[in-house]
Number of protein chains: 2
Amino acid sequence: MADSVALDPVDLHILRLLQNDARTTYRDLAAQVGVAPSTCLDRVTRLRRSGVILGHQLRLDPARLGRGLQALLSVQVRPHRRDLVVPFVERIRALPEALSLFHLTGPDDFLVHVAVAGPAELQRLVLDAFTARREVARVETRLIFQQWECGPLLPPDAAADVPRDAVGESW
Amino acid sequence: MADSVALDPVDLHILRLLQNDARTTYRDLAAQVGVAPSTCLDRVTRLRRSGVILGHQLRLDPARLGRGLQALLSVQVRPHRRDLVVPFVERIRALPEALSLFHLTGPDDFLVHVAVAGPAELQRLVLDAFTARREVARVETRLIFQQWECGPLLPPDAAADVPRDAVGESW
DNA sequence: GATGAAATATGTGGTCC
DNA sequence: GGACCACATATTTCATC
């Protein structure tokens, strides 16, 4: 289901361009990749069907929406049982302040990325949506100075997959 | 520059719909919002110019691209001076494994979200791109079991902004 | 903010390799 | 089987009110 998909150079070129600007038209894609627009449409349709492309997302500026303060909340949910974890996840996902949620290994079970209007709203959020709950054993709040999105996501370079002589001895 | 923008109900409705599916056509937006397609175009254009909409992003499935393992790396950059921090940020942003990068308050200066093929590649990444650098004082790696994107980002509800009687005494 | 016409993009079927 | 072309449809964009 989550198997890696074989991608040829045309697919990769299209993905790179679309990651720069997801609204690039098939006409422009075609011109830059060197194939016909219909071929681009074909490729993108297949990439969507094969699950490589999950969808298109709008990137918004939280600050312009009156949510100028972002933070990461590390949360311990204890006991870490499914009957407590599943409702916790659903509750956090439904919070208007939550942007994204990670379930992690390590001493902190969850990391929650939130955007709020300011420190007062953050304090209220921590107290009301987190520490007020019995299953939330601990919350650690870190403010975000700045965030960067990184380069385009592409398959690991084939060169990096060169087999090593002996497993566990190549590093 | 990062001031909050005044948004009317039509703007908010459009943003909500576009956050569900960023490829909704102006025609469909218009039908659902109850205005003309050209008005939707107008609104979206203004939202882009005012900086509320930063852009459109392709959501890809890292697992299908042969990057089935994701992790968060907490990194201390010491000394935490601009002449070390700025090149660090640029170097991390250029890593093909990096998805996103946070500069934070707290004992850990940076959080790096990475996607790799597997544990071996993660180990190589930590050793070669992080701990090999003199300015990287500490790295802590946590694996990501699962990630969720949360509900649409919208301005804080006006009701939540009701002024309190006394600052610092309302919670 | 709406209308409608022009420009542009998208989707389809036939054809070729 | 995949890529390309040309055509038909749908969408976006813009001038005008």
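Order of the sequence lines fixes the chain letters, A, B, ..., with proteins taken first and strands second; residue numbering starts at 1 for each chain.
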Colleague: Give the nucleotide from the list C:dA9, C:dA2, D:dT12 with an atom nearest to the side chain of B:Tyr26.
Modeller: D:dT12
Colleague: Of the nucleotides D:dC4, C:dG1, C:dT3, which has the atom closest to the B:Ala36 side chain?
Modeller: C:dT3
Colleague: Which whole-number value in Å describes the distance from A:Asp42 CG to C:dG11 C1'?
Modeller: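 Value for this atom pair: 10 Å.
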Colleague: So, B:Phe145 versus A:Phe102, ring centres under 6.0 angstrom or not?
Modeller: no
Colleague: Within the 4.0 Å heavy-atom criterion, would you say B:Ser38 contacts the bases, only the backbone, or no part of the nucleic acid?
Modeller: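 Base contact.
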Colleague: Given D:dC4, C:dG1, D:dT11, identify the nucleotide with an atom nearest to the side chain of B:Thr25.
Modeller: D:dT11
Colleague: Please determine, for the side chain of A:Arg27, which listed nucleotide (C:dA9, D:dG2, D:dC4) has the closest atom?
Modeller: C:dA9
Colleague: Looking for any heavy atom pair under 4.0 Å, which part of the strands does A:Arg46 touch: base, sugar-phosphate only, or nothing?
Modeller: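 Sugar-phosphate, backbone atoms only, no base.
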Colleague: Residues of residues 9-20 of chain B with any non-hydrogen atom less than 4.0 angstrom from an atom of DNA chain C: list those, numerically ordered, please.
Modeller: none
Colleague: Could you go through residues 66-73 of chain B and list every donor-acceptor pair under 3.5 Å that involves a side-chain atom there, pairing it with any protein atom two or more places apart or in another chain?
Modeller:
unit_1, atom_1, unit_2, atom_2, d
B:Arg67, NE, A:Leu154, O, 2.5
B:Arg67, NH1, B:Ala115, O, 2.9
B:Arg67, NH2, A:Leu154, O, 3.3
B:Gln70, OE1, B:His113, NE2, 2.6

Colleague: Determine: side-chain N/O of B:Arg43 to OP1/OP2 of C:dG1, distance under 4.0 Å, yes or no.
Modeller: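 Result: yes.
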Colleague: Could you check how far CZ of A:Arg23 sits from C1' of C:dT10, rounded to whole Å?
Modeller: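 Atom-to-atom, A:Arg23 to C:dT10, this comes out as 14 Å.
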